[in-house]
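One structure is given here, and the rest of the page talks about it.
These numbers come from a predicted model, not from an experiment.
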Amino acid sequence: MKKDIHPQYGPVVFRDRAANHTFLTRSTMTSEKTIEWEDGNTYPVVDVEISNVSHPFYTGTARVLDTAGRVEKFEKRYGAGKKRG
């Protein structure tokens, strides 16, 4: 690998502002803001708008479309089963 072309990879805290949830992981992202973590060390913190704690897909609050109703509306409007003359 070439030297000095890759970003630094290290521990970073991501903070989900919507759910007030934080987690420590490793990333190439950096930030000027820092936070003291549970282990007593200080890490850069990156604020995110959504994470697995607040995303509707993971929380189970995603909307499900009524596909049966849509098919019935289509059949009613265009007359399912009618032959063209």
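In this structure, CZ in Arg17 is found 10.5 Å from OG1 in Thr22, a value given to the nearest 0.5 Å.
Pairing each heavy atom of Pro11 with each of Pro44, the nearest pair is O-CD, 3.8 Å.
For Ser31 (side chain) and Val45 (main-chain N/O), a donor-acceptor pair under 3.5 Å exists by modelled atom type.
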Derivation and outcome, side chain to side chain contact (heavy atoms under 4.5 Å, CB included), residues Phe14 and Asp16:
CA-CA 7 Å; Phe14 286 91; Asp16 181 354; over 6 Å; no
Step-by-step side chain to side chain contact (heavy atoms under 4.5 Å, CB included) determination, Ile35 to Arg15:
CA-CA 10 Å; Ile35 190 171; Arg15 178 171 46 195; 4.2 Å; yes
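Atom CZ of Arg77 is surrounded by 12 or fewer heavy atoms from other residues, nucleotides or ligands within 6.0 Å. Within 6.0 Å of atom CG in Asp39, more than 12 heavy atoms from other residues, nucleotides or ligands are found, so the atom counts as buried in its surroundings.
Val13 and Val48 fall into different hydrophobic clusters, where Ile, Leu, Val, Met, Phe, Trp and Tyr side chains are chained together by heavy-atom contacts under 4.5 Å.
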